[in-house]
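Keep in mind that the numbers below use all heavy atoms, side chains included, and drop hydrogens, waters and symmetry copies.
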Amino acid sequence: MVRPNEEVEALLQEYADLIAITGGDPFKARAYEKAARAIGGRPTDVSHLDTAGLKEIPGVGRSIAEKVVEYFRTGKISVVEERRARIPAGVRQLITIPTLGPKKALVLYEDLHISSVGELADAIGAEKLRDLKGFGEKTEENILHGIALMRRAGGRIPLGTAMESAEDIVAGLSRITGCEDCAYAGSLRRMKETVGDIDILVAAARSAPFMDALTELPSTSEVIARGEKKTSVRTVLGVQVDLRVVRPDAWGAGLQYFTGSKGHNIRTRTIAVHLGLKLSEYGLFETDGGKRVASRTEDEVYARLGLPWIPPTLREDRGEIEAGLRGELPEVVTEADIRGDLHTHTDLTDGLASLEDMVAAAAGRGYAYYAVTDHAPDLYMQRMTDEKVLAQRERVRSLDGGQHGMRLLHGTELNIGPEGDVDWPDEFLRGFDIRVASVHSHFNLGRKAMTRRIVRACENPYVNVIGHPTTRLIGKRPGLDADLDEVFAACARTGTALEINAQPDRLDLGDEDILRARDHGAKFAVDTDAHSIPQLACLRYGVGTAQRGWLTPDDVINTWPLRRLRRFLRKDRD
Ligand code: DGT
Ligand code: CA
Ligand code: CA
Ligand code: ZN
């Protein structure tokens, strides 16, 4: 991601929220939101552009362009500052509740002086909302449901957000003299879908320079605790960061300990005890006499316990210790194994970049093949037509094999209707090389109907991949109510792959569902669903999730050579 673009995206999005909260013009709010997304999705730094250059970005008019220029010249946008001053931060936090819009948030603030999520929950408990104009018992219920959804994420941060902060911090600390090693550990290194706090580890002889540096980073807003071995801060995004400095000769033991999980560590410590050893963050020691037997690398520590090195994504005490002891640890899929992305969009529908630009960026990632899968007509707001998609096919064919010899597949993302039907008749579907099918509507059908619906989609001889199978949005929307075991069995039986959507707010399927689906013998596609060039890089989160589901390259169709993939895509149609 390009940092200046992201800063502008966040500011313009905030401005859109502020307009909405203060009861401003909804069209204006939407315009800023759109421009925010467009700028955030640009692959190249916008900070060098002048007003004219900025105006070439779709959705960016003169007034927005001028605000962006102002930001890069002065470090702020004055109208944003003005609106901010009128609204307390707590009120802005209210609209992050998924079921509460800005208008209602404003009423709550003005009439009941509610300015935090906690105060709001209390007011609902005291039945104070139902008497407000435009509110009722049903509204109270809806908002409570929204707060519950938000809390279910437990104040935890999405993997993608944590990763970007952590990589910035690691880069910053690595530049300090005396740094022999620096890495993030904890749940982030295990690629858990949400992260409680960020754990950073440094190997160095002296800790003070690193502790100082962390407290002085521009992203640090508050120092929680400053110590010799550990310092904790909070960043401007509200994320806690724990930094520990270890001696270089104890790097492996420290990394192993602070990567966790707790469950995994309990198992490794128990093995140590049975071997007459003691394992801590300082190393592996003989119980009698205290001689250190391993500590420099994780490899050494695991080896001395009779284990192979275990990938961090497997360290959840889900059988990895037993498998390691038996020498049967899976060779999990890695980013390098992925030969192509099979679910991506262009500006023909709701993507931000042109076909040519997406293809060039994909080729730049070294892919052997790449599928373009814009939305199909039943998603009305995307205005897809037969003519448009056929014209796109011509362009795809002319680009095929051009960039570094990368092969292109022309595909589409179909919409699974309430009865399990999809857009377009069979003759038309036949013309595509690959078809992803996803649920985009009718989320509350009831369990039986929902299960039947998705199973029917799998049984369609043209449907190759079920896109974001549960439709969950982490911390915002729970997954569909369906009998997933029945869906997974149908996928295995019909030769339909399950997507592991790599967008960090989706990660859909998630790790536990992947483990179940794998037991049914289903295959998977790790795809980004990229709507912009930077989003192609989200692949790593999908791969991490696939690893957490113990998948090997053989389980993942887009690691296969094109010939094998094409055979899979034919299903049983011949
Ligand atoms: P999180 O931050 O809630 O997403 O999860 P973690 O796994 O990052 O947990 P965290 O930050 O509390 O601690 C990082 C790692 O350090 C953890 O995975 C294992 C290790 N660790 C921390 N405290 C303890 C402890 O009391 N006992 C053991 N065995 N390990 C610990
Ligand atoms: Ca942590
Ligand atoms: Ca921690
Ligand atoms: Zn999509």
Side-chain angles (χ1 to χ4, degrees), residues 1-89 91-93 95-96 102 158 160-161 163-165 167-168 171-172 217-219 221 235-239 345-347 349-354 356-358 360-361 503-505 530-538:
M1 310 260 162
V2 187
R3 184 48 45 92
N5 301 10
E6 273 182 51
E7 289 167 7
V8 170
E9 177 179 10
L11 264 177
L12 294 181
Q13 178 61 52
E14 184 184 348
Y15 190 50
D17 291 345
L18 290 171
I19 292 171
I21 302 176
T22 47
D25 178 1
F27 290 100
K28 186 169 163 189
R30 213 159 311 138
Y32 275 93
E33 207 163 277
K34 227 177 133 199
R37 253 180 296 135
I39 292 174
R42 300 296 284 188
T44 49
D45 191 341
V46 299
S47 64
H48 309 298
L49 298 179
D50 58 7
T51 315
L54 285 162
K55 276 171 63 186
E56 281 172 24
I57 300 172
V60 177
R62 190 177 51 82
S63 157
I64 295 177
E66 281 171 357
K67 291 185 179 67
V68 175
V69 170
E70 177 191 350
Y71 173 68
F72 288 121
R73 211 181 48 233
T74 67
K76 55 186 186 217
I77 302 178
S78 51
V79 289
V80 177
E81 306 276 315
E82 282 160 26
R83 294 240 182 192
R84 259 189 204 157
R86 282 156 56 187
I87 301 289
V91 180
R92 280 181 266 146
Q93 198 199 345
I95 63 164
T96 60
T161 315
M163 186 65 84
E164 284 177 25
S165 298
E167 287 186 331
D168 282 353
L217 283 179
S219 60
S221 73
T235 71
V236 285
L237 295 174
V239 186
H345 296 273
T346 74
D347 61 4
T349 55
D350 56 350
L352 291 172
S354 68
E356 288 73 14
D357 289 350
M358 289 299 279
Q503 291 299 316
D505 62 341
H531 284 69
S532 66
I533 288 169
Q535 286 184 354
L536 290 170
C538 290

Inset, instruction - Answer yes or no: is there a donor N or O on one side and an acceptor on the other, between the side chain of Asn5 and the main chain of Gly41, under 3.5 Å? - result: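 Flag not set: sc Asn5 to bb Gly41 has no pair under 3.5 Å.
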Legend entry - Donor-acceptor pair, side chain of Glu14 and main chain of Val80, under 3.5 angstrom: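 Here the side-chain-to-backbone pair does not exist.
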Can you tell me how far apart [atom1] ([X]) and [atom2] ([Y]) are? Round to the nearest 0.5 Å.
| X | Y | atom1 | atom2 | result |
| --- | --- | --- | --- | --- |
| Ile77 | Glu82 | CD1 | CD | 11.5 Å |
| Gln503 | Gln535 | CD | CD | 4.0 Å |
| Asp505 | Cys538 | CG | SG | 9.0 Å |
| Ile57 | Lys34 | CD1 | NZ | 13.0 Å |

Heavy-atom closest contact ([X] atom, [Y] atom, distance):
| X | Y | value |
| --- | --- | --- |
| Met358 | His345 | CE-O, 3.5 Å |
| Ile533 | Ala361 | CG2-CB, 3.7 Å |
| Ala65 | Thr51 | CB-CG2, 3.6 Å |
| Ala36 | Gln13 | CB-N, 3.8 Å |
| Ala29 | Ile19 | CB-CG2, 4.0 Å |
| Arg83 | Lys28 | NH2-NZ, 4.2 Å |

Legend entry - Single hit among Leu11, Val60, Leu49 for side-chain contact (heavy atoms from CB on, under 4.5 Å) with Ile39: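 Testing each of Leu11, Val60, Leu49 against Ile39, the sole residue satisfying side-chain contact (heavy atoms from CB on, under 4.5 Å) is Val60.
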Inset, instruction - Compute whether any side-chain donor of one residue and acceptor of the other, for Lys67 and Tyr32, lie under 3.5 angstrom apart. - result: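 Yes, side-chain donor-acceptor contact under 3.5 Å.
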Legend entry - Heavy atoms from other residues, nucleotides or ligands near CD of Glu56 exceed 12 (cutoff 6.0 Å):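 No, because the 6.0 Å sphere around CD of Glu56 holds 12 heavy atoms or fewer from other groups.
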Close side-chain approach of [X] and [Y], heavy atoms under 4.5 Å:
| X | Y | value |
| --- | --- | --- |
| Glu167 | Met163 | yes |
| Arg37 | His531 | no |
| Val69 | Asp50 | no |
| Asp45 | Pro4 | yes |

